[in-house]
Each structure stands twice: as structure tokens, then as C-alpha cells.
K.L.:
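This is the structure I want to talk about, given as C-alpha cells.
Below, each value reflects all heavy atoms present in this structure, side chains not excepted, and no hydrogens, waters or symmetry copies.
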Amino acid sequence: EESLENYSIMGLLVEGEALPPEELTKSLNFIREHGITQFLCTWNRVKDIKDDELRFGDEIECGIFVVDYNNKTVKIALRGAELRQHLIEKEHLFAHESEGCTWHPEFGAWMIESTPSKPYTNYVCDLLRVERNMALRRRRLFAMLAENEIAPTVTCFPLLGVGDFIYNSSSFEAPYSQSVYVPDNIINPHPRFASLVQNIRYRRQNKVDIRVPLFPDLNTPEFIREKSESVAEHTKVLELSTDIHMDAMAFGMGMCCLQVTFQARDVDESRYMYDQLAVLAPIMLAMTAASPVFKGRLANIDARWNVIAQSVDDRNPAELGLLTNDELLAAKDDRLVGGGVRRLYKSRYDSISTYIYHCKDDAACQRTFAIYNDIPCPVDEQVKQRLRADGVDENLAHHLAHLFTRDPIVAFNGQIDLNDEETTDHFESIQSTNWQTCRWKPPPPPGPHAQHIGWRTEFRSMEVQLTDFENAAFVVFTALITRVVLAFDLAFYIPLSKVDENMRRAHLIEAATTQKFFFRKYMAPPESMEECVLTQGVDGEAAVASCIAAAAVASNCNLAPEDSFEEMSMNEIFNGKELHFPGLIPLIYAYLDYIKCDSETFKRVNEYLKFIEKRAKGELITPATWMRRFIQSHPDYQKDSVISPSIAHDLMVACSEIGNGTRSCPELLGNITIERMRKEDAYGQVLAGRLSSKERSVLINKLMQRAHINKPDITARNKWRADSICGDDTFATEEDKDSSSKTPGTPKRMNAAYKGPYYAASPQRSFK
């Protein structure tokens, strides 16, 4: 969940000595001041960039686990750095290929993150690249694993912090985290990560305190104890309360996710995209929920977000609002932002607190934002005044001044006094440690050989899925919904208090089918919708969606009054509600029709959309629901909310097999078949010429087995070879002969034909 990808771009991937907390505290004001200077240098340099093409990419994280099939145990393998180095070296040998992978370090020493080596582009055919590249990354990692290792794309290792959960574990030492559950050697060896752990603990003045509600099953001892008068009778109690307790950053940042970043046409478009995706964040969190287990216990939630928020919460007691006025005066420390006593209402890992699109002096737009920005959003007033004085508009200045209510939590010796014209290290040290559901990303500084990178928006809420098909489906859906919003000039705005309520609901068990979420009733102007309903008729949902899309393009999409949202089921949000709300998926179909999507691409995209449609309806379940049912139906489960080593083993093996295509899972995937993963396909197959004698023997044996041929006891060697290979009479039966002619399926030829762009320009909005 916390990688170094951004820092390798920004120059922060430095090998050196991280400043200890006491030394870092002395430099906080300097870093914050120069962080704003660096942003303003970037802003003045690139604020007028126009007409960048769509580029996007995904990030997938996973863990490396060692499986003991005989003893039914599974443990984390601290081989992330080693495997990453081997993968990078191998990647260099195949850099000439059109498709490649990039490998990034992650917080956990057992984790690794992958991205495509080249971004996906603004052509329809690149939608097919997403799954292909994800599968390539899985194969290449798979090829590097030992025979007893697996790397399923699961959010959380179920036994993290429980017993002997580390393969080849050493002595238990935790000087940075001071955890009683996990040692510090599970942290990535790069000094940045241990420094983050130590500095967060130092700033908050105690260890992180993570609480997750425990699932109350029939024999869960903590709940039996609550009802019993005699506590001593219940020796199986593992927690002090009915919460699962965790005490280290690793429990949060050691989880895996699925993220996607989009390059926008210009700064305004990147900000508009940020606002719309922020509304979708809790919706997509619920739809991808995959986290029902923490620290060996079944939880009463299905999603990870709040766990990570607690794991990196660096607010001290004053900022949490726990001190009296007299205590606040005594606690003030001018070295900290806000004197260390400004009330902060959220963790630095949380949902957004303000929309950022630019109203450009439009009074109606400003009134709307005043209504929709309805939650506390503390800002650093000095930072905001400085930004406003340098020409940054109100909404963006407010957003940045909110980010800068946080202190930097890592810095390196010798990396404090920098050239603000050439680097953004200090800006990124704050910007990139505000881990919100969406992140607005300015272009990085230009380098001598760097490719151009424009204004970007990162979508961060989705949970990683078990298969490349699922992950690709959600990435492609997100990419297409951004095109729909921009091309048809739609708006998803609702009050941020409702977005936060949606985030709360998204964590609940089976939220995708049991909860309703606040969503905007009128994404396009209401008059457009009414006219489309009248002209297209009651039975024409697809036609209505197309009509609304066309009407939105032809009109200005003013934000409707503040009552333009309501509670909807996931099925209604994705598939439509009556005729005034067409649904996100029908709008995507209308868009694909509008751009004349080619048949080959449409075939796979249609499978993605049908899959998401079925999950929204509840016909297919989320990974969290599948895992919960797997655990509860396991023969070793005692209905006590405890994940035993054998259950964890079987769960992780099953997840790996589903992802690798060796185990079907219609509950998750319906009729979709996952192609079987083979190590030998990781880097392609060579068209070999002359074979050695040994290789020829192996090939002949395979041919014999395929044809069901058995060598006769007494046959001249040369005659047998000729007859058995060439003779028709070698088949045992006509049925065997028929089956032998059925050759295994081969991959379809990649269609590299020009497919046309799907990046559509958006019309001018009235509130720009």
C-alpha cells in the first residue's frame, strides 16, 4: 500500500541515512516552506500545459508466501527485495519487447508492486492491453518463485502477527514500531520505511492503536465472555475486547491494493476528474471488497481502508481533540505544523475533505461548492494566503493548504537544502504522505532524458482482486467512466458528508448487496433527462442512456440544486434506476457506441461490464464474501472467528490457484475461465530448430502419451518408431484417434490494427 514508485520519479528514492525524529523535527518548518515554493515553481512552469493525451496505468501489489503442503502451514517470505532485483535484471534482457513490466518496492519485505513498463494510451485497443499486461506480470513473478512459494493477489496475509508467521524467522526485535505482534525485520530494508514507522510513532506520542470489530460467531470466545459472569472459564479468549487489536504500521501498509492513475488533458481536467472519482471511491471500495480477515481473526468488516487509516495516523492527543484548553497551551510546539495543537478531523490516510475543481469566479459554482464541501477541512492559513497571493485559485489553494496541515514524516540527511527550481522533494514529502482516496498529482520536474508527464489523478480506493480478469475489469471500467464523464460532461457531485457516510457503509459485510449509497440523481441537466424519457419511451433504457449522453454534450451541465442526490442500491448505481437515472454501465455502452468501438475490443470489454453488472446485482460475490464463506465452511473452523494455520493454508492456496487458473470459481467469475498460468510462458517461447538426442526423446515420449500409444514388448526399435509415429493403426480406438487430432488451444493473434481513439474532448462547462 505504500510503495516507492512516486519517489523514484521525484528523486526521493535515495540511499542514505534517514533523519531520526528529533533531527527531523528541527527541519519541519523549513521543509513545509520550501515544499510550497517547489509547488509554485512547478505551477508557474506547467499550469498552462494543454492538450496532453490520455495515458493511464495500474498498480498491483501482492505478497510472497511459503507453503508447507505436508504440515498445512503458510508463512510470509521476506524475499521481496531479492525477487524484485532478479525481475528487474530479467526485464532488461527483454526491454526490446512491446510489452513489459516495472517492479517497485513495497512497505513489507514480503511484498512487491508491479506496473506496466509503458502506460496505456488513448486508443480503444489499449483496453485489451490491461489484462494482457497484468497476466504478463503474474507469469513473470510466478516464474521467479520457488516450488514452495505462491504469490496470490490478496489484500491481507491472514496470519500476520500470529505465532510463527515468518519463514526462516530470526529473533523478535521491534525498535522502530515497538510492536508486540510483528518484528521490524518484516519492514522493507529501504531506510524510508522504518523511518516512517518510527516517526509516526514519535509524533503521535505512542504506538499506533488499530481496532477492528471482531465477527461475532456462535463460539467466538470474546462475545461469550461478555455475556458470562465468570471470565476465568473462557481460556480461549485472544483479545481484551470485542475488537481485533493491532499495533504496527505493517498491519495497514502491509496490505495490497489496486490503483490506477490517469493523465489528463490539462490541469482543469485533472481537477474535475479528481472530484468525480472521489465520489466513486467508496462505491468502488464496496464493489472490490476483499478484506474479511486481520491478525488471524474473522472481522466484522469486509474492506481494508479504515485499518490503514489507523495504522498511519500520526495525530497527537491535541490534534485528536482530547486535551483541555489549559492542556493545549502547555502542549503547543512551534516546530510542528499548527503548533501541534490544531484540531485535525481525519487521519492522513482517509477520504478527501474538499473538492478542488476551479469555479473561475462563477457565483453559482461557488455557491454549490460551499454546499457540497460540508465537512470540516482545516487549512494552514499562511500557506493558503501565500498560494492565493501567487495566483493560485481559491479551491486549489484550499486543497493544498489542507494537505499542508500535516508535517513531513521522513527526510534524509543531506537532502534538506535543495534547489527548489529543480526538485519537488519537499512538496512530495507532504503531498505523497497524504494518502487519500484520490490524489491530484502535478507533473514531476523535467529531467535530461525524462519523458513528458502531465497533470494526473490517482484513484486509490479499490482492493486487489484474485484474478487478472477482475482487476482488469475494474481498471477498464474506471478508465471508461472517466471518458464518459468528460465526453458527456457529467457530474457526480454530492455533499462530502455523504461521501464519508458511503465510506463507512462500504466497509460493512457484503456492503455491495446489503447497503444503499448516496449518489447523484441527475448526472446531466434534468431537462435533458426528462426530454429523453419522453422521446425514447418506457422500454428504451439503452436508448435513453444514449439520448442523455448526447443531450449532455449539447448542453451545459450546471450543478443541480443540493437535493439532487438520493440513496441507491449498487444495482441501481451501475445498472440504472427507472428512467431518470440510466446507470453507469448503460452510459458506458452508449459511449462505446458513440466512439464506434471495434468488435474485438468490445467483446472483451462487454465481458468486463457484464461481470461488474452481475456483481452489482449480487449474482456474483466479492472476494471478501467468497473468503468468508470459504473460512466458515472449512472443516477445521470452530465457529469461533479464529483462522487456524490449516485454514489459512488452504485459503491462500485456493486464492493462488484461482489466480493462476488451476481452480475454477464460478461464485466469483461466473462463466469466465482464467487461462492456466505457466512459468515457461513468462518470457516467451523460442522457435527451436535442431534438437538434441535427449530433447528428441522427450518430444517423442510426449507424442506417444498424447496418442495413447504403448510400446509392444517385442518390436524392432526402428520399426516401432516408424509405425508408432506415422502409422494410423497405432491408435487404440477410433475415439482415441479423434481425440488426438484436437490440438490444445493457442493464444489468439494479437490484433495490432488501428482502433481509433476513445479519448473524447469535453465541452466547455458553464461554471469553468
K.L.:
Using only atom types and a distance under 3.5 Å, with no angle test, would you say the side chain of R460 pairs donor to acceptor with the backbone of Q436?
P.N.:
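Indeed, once roles are kept as given, a pair shorter than 3.5 Å links the two residues.
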K.L.:
Closer than 3.5 angstrom, by distance alone: can the side chain of Q198 be matched with the main-chain N or O of P20 as a donor-acceptor pair?
P.N.:
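Judged by distance alone, no pair lies under 3.5 Å.
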K.L.:
Surrounding CZ of F142 (heavy atoms of other residues, nucleotides or ligands, distance under 6.0 Å), is the total greater than 12?
P.N.:
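Enclosed: over 12 neighbouring heavy atoms sit under 6.0 Å from CZ of F142.
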K.L.:
With a 3.5 Å distance limit and no angle check, can you tell me whether H507 reaches the backbone of N306 through a side-chain donor-acceptor pair?
P.N.:
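The answer is yes, because a donor-acceptor pair under 3.5 Å joins these two groups.
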K.L.:
Salt-bridge test for K679 and E147: reply yes if a basic N is under 4.0 Å from a carboxylate O, no otherwise.
P.N.:
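So K679 pairs with E147 through a salt bridge.
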K.L.:
Side-chain contact test, heavy atoms from C-beta onward, threshold under 4.5 Å: evaluate it for F630 versus D650 and give yes or no.
P.N.:
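Side-chain contact under 4.5 Å: yes.
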K.L.:
Measure the acute angle between the ring planes of H190 and F193, then classify it against the limits of 30° and 60° as parallel, tilted or perpendicular.
P.N.:
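Geometry flag for F193 against H190: perpendicular rings.
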K.L.:
Is it the case that the side chains of S291 and E463 hold a donor-acceptor pair, with the cut-off being a distance below 3.5 Å and no angle test?
P.N.:
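The answer is yes; a qualifying pair exists.
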K.L.:
Within the 3.5 Å criterion, strictly below it, is a donor on T73 or N71 matched to an acceptor on the partner's side chain?
P.N.:
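There is no such pair (donor and acceptor under 3.5 Å, judged by atom type) between the side chains of T73 and N71.
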K.L.:
Taking atom OG1 of T102 and atom CG of L87, what is their separation to the nearest 0.5 Å?
P.N.:
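So the gap between those two atoms works out to 11.0 Å.
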K.L.:
So among N434, D500, D313, which one has a side-chain hydrogen bond (donor to acceptor under 3.5 Å, both in side chains) with K346?
P.N.:
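Going through the options one by one, the only one that passes is D500.
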K.L.:
Would you check if T622 and M287 make a side-chain contact, meaning some heavy-atom pair closer than 4.5 Å?
P.N.:
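The answer is no, as the side chains (C-beta and beyond) never meet within the 4.5 Å cut-off.
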K.L.:
Could you tell me if the side chain of E458 sits less than 4.5 Å from the side chain of E59, heavy atoms only?
P.N.:
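A side-chain contact under 4.5 Å exists here.
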K.L.:
Less than 6.0 angstrom from the centroid, inside 45 degrees of the normal: does R297 satisfy that with respect to the ring of F294?
P.N.:
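Negative - R297 is either too far from the ring of F294 or too far off its axis.
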K.L.:
Looking only at heavy atoms, what is the nearest atom pair of T25 and Y202, with distance?
P.N.:
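Of all heavy-atom pairs spanning T25 and Y202, the closest is OG1-CE2, 3.8 Å.
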K.L.:
Over 60° means perpendicular and under 30° means parallel, so classify the ring planes of F30 and H426, tilted if in between.
P.N.:
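H426 and F30: perpendicular rings.
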K.L.:
Within a reach of under 6.0 Å around CG of L93, are more than 12 heavy atoms found that belong to other residues, nucleotides or ligands?
P.N.:
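More than 12 heavy atoms, drawn from other residues, nucleotides or ligands, come within 6.0 Å of this atom.
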K.L.:
Are K207 and D209 within salt-bridge range, i.e. N to O under 4.0 Å?
P.N.:
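No, no charged N to carboxylate O under 4.0 Å.
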K.L.:
Main chain of P213, side chain of N300: is a donor-acceptor contact present, judged purely on distance under 3.5 Å?
P.N.:
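No, the answer is negative, given that no donor and acceptor are paired below the 3.5 Å cut-off.
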K.L.:
Rounded to the nearest 0.5 Å, how far does CG of L24 lie from CZ of R203?
P.N.:
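Answer for the CZ-CG pair, R203 versus L24, is 10.0 Å.
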K.L.:
Compare all side-chain heavy atoms of H402 with those of P378 and state whether any distance is below 4.5 angstrom.
P.N.:
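Side chain of H402 against side chain of P378, heavy atoms only: contact under 4.5 Å found.
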K.L.:
Please check if the side chain of N133 supplies one atom and the backbone of G100 the other of a donor-acceptor pair under 3.5 Å.
P.N.:
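Yes, N133 side chain to G100 backbone: donor-acceptor pair under 3.5 Å.
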K.L.:
Measure the CD1-CG distance between I352 and L403 for me, rounded to the nearest 0.5 Å.
P.N.:
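Separation between the atoms: 10.5 Å.
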K.L.:
So, E222 and R225, do they make that salt bridge, N to O below 4.0 Å?
P.N.:
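Here E222 does not pair with R225 in a salt bridge, since their nearest N and O are not under 4.0 Å apart.
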K.L.:
With a 4.0 Å cut-off on N to O distance, would you call D58 and R137 a salt bridge?
P.N.:
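Between R137 and D58 there is a salt bridge, with a charged N closer than 4.0 Å to a carboxylate O.
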K.L.:
Would you say the side chain of I301 lies within less than 4.5 Å of the side chain of V307, judging by non-hydrogen atoms?
P.N.:
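Yes, their side chains come closer than 4.5 Å.
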K.L.:
Do Q310 side-chain atoms and R211 backbone N/O form a donor-acceptor pair below 3.5 Å?
P.N.:
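Present.
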K.L.:
Using a 3.5 Å distance criterion without hydrogens, assess whether the side chain of E89 forms a donor-acceptor pair with backbone atoms of H86.
P.N.:
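No: the side chain of E89 does not pair with the backbone of H86.
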K.L.:
So, D636 versus S646: side-chain donor-acceptor pair below 3.5 Å or not?
P.N.:
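Distance-only check passes for D636 and S646.
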K.L.:
Below 30° counts as parallel, above 60° as perpendicular, anything between as tilted: where do the rings of Y349 and W305 land?
P.N.:
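Correct class here is tilted.
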K.L.:
Give the C-alpha distance, both sets of side-chain angles, the deciding distance and a yes or no for side chain to side chain contact (heavy atoms under 4.5 Å, CB included) between D468 and T153.
P.N.:
CA-CA 9 Å; D468 300 320; T153 45; 5.6 Å; no
K.L.:
To the nearest 0.5 Å, what is the distance between NE2 (H104) and OG (S114)?
P.N.:
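Here the interatomic distance stands at 7.5 Å.
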K.L.:
So, for I31 and A411, which heavy atoms are closest and what is the spacing to 0.1 Å?
P.N.:
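Heavy-atom minimum between the residues: CD1-CB, 4.0 Å.
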K.L.:
Has N316 got a side-chain atom pairing as donor or acceptor with G340's backbone, closer than 3.5 angstrom?
P.N.:
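Yes, the answer is positive, given that a donor and an acceptor are paired below the 3.5 Å cut-off.
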K.L.:
So which heavy atom on D184 is nearest to which on A174, and how close?
P.N.:
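Heavy-atom minimum between the residues: OD2-C, 3.1 Å.
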K.L.:
Could you tell me whether a side-chain N or O of R406 sits under 3.5 Å from a main-chain N or O of V337, the two making a donor and an acceptor?
P.N.:
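Between the backbone of V337 and the side chain of R406 there is no qualifying donor-acceptor contact (under 3.5 Å).
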K.L.:
Is D333 reaching over with its side chain to a backbone N or O of R335, donor-acceptor style, under 3.5 angstrom?
P.N.:
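Here the side-chain-to-backbone pair exists.
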K.L.:
So V653 and Y69, do their side chains get closer than 4.5 Å, heavy atoms only?
P.N.:
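Counting from C-beta outward, Y69 and V653 do come under 4.5 Å.
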K.L.:
List the atom of E91, the atom of C101, and the distance in Å for their closest heavy-atom pair.
P.N.:
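Between these two residues, the closest heavy atoms are OE2-N, 2.9 Å.
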K.L.:
Check for me whether R79 meets the cation-pi criterion with Y167, that is, NZ or CZ under 6.0 Å from the six-membered ring centre and within 45 degrees of the ring axis.
P.N.:
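Not flagged: R79 not positioned over aromatic ring of Y167.
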K.L.:
How far does CG of L160 sit from NZ of K75, to the nearest 0.5 angstrom?
P.N.:
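So the CG of L160 and the NZ of K75 are separated by 14.0 Å.
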K.L.:
Taking all non-hydrogen atoms of both residues into account, name the closest pair between S311 and A248 and its distance.
P.N.:
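Heavy atoms only, the tightest pair is CB-O, 4.2 Å.
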K.L.:
List the steps, then state whether side chain to side chain contact (heavy atoms under 4.5 Å, CB included) holds for M503 with S461.
P.N.:
CA-CA 10 Å; M503 281 296 289; S461 68; 5.6 Å; no
K.L.:
Dump the intermediate steps for side chain to side chain contact (heavy atoms under 4.5 Å, CB included) on V293 and I631, then the final yes or no.
P.N.:
CA-CA 10 Å; V293 176; I631 292 165; 3.4 Å; yes
K.L.:
Would you say the side chain of H649 lies within less than 4.5 Å of the side chain of D68, judging by non-hydrogen atoms?
P.N.:
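A side-chain contact is absent here, since even the closest heavy-atom pair is not under 4.5 Å.
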K.L.:
Side chain to side chain contact (heavy atoms under 4.5 Å, CB included) with I76: which of I166, I64, V66, V182?
P.N.:
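It is I166; the other options fail the test.
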K.L.:
Verify whether one side chain among D217 and S641 offers a donor that lies under 3.5 Å from an acceptor in the other.
P.N.:
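Side-chain D/A pair, D217 to S641: absent.
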K.L.:
Going by heavy atoms in the side chains, are F65 and P152 under 4.5 Å from each other?
P.N.:
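Touching, per the 4.5 Å side-chain cut-off.
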K.L.:
Side chain to side chain contact (heavy atoms under 4.5 Å, CB included) between I244 and E239: does it pass, once the steps are laid out?
P.N.:
CA-CA 6 Å; I244 304 167; E239 301 290 345; 4.0 Å; yes
K.L.:
Roughly how far, to the nearest 0.5 Å, is the CD atom of E327 from the CG atom of L322?
P.N.:
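Going from the CG atom of L322 to the CD atom of E327 covers 9.5 Å.
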K.L.:
So, for V74 and F157, which heavy atoms are closest and what is the spacing to 0.1 Å?
P.N.:
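Nearest heavy atoms, V74 then F157: O-CZ, 3.4 Å.
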K.L.:
Would you tell me whether E428 and T424 have side-chain atoms, one donor and one acceptor, within less than 3.5 Å of each other?
P.N.:
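No, no side-chain donor-acceptor contact under 3.5 Å.
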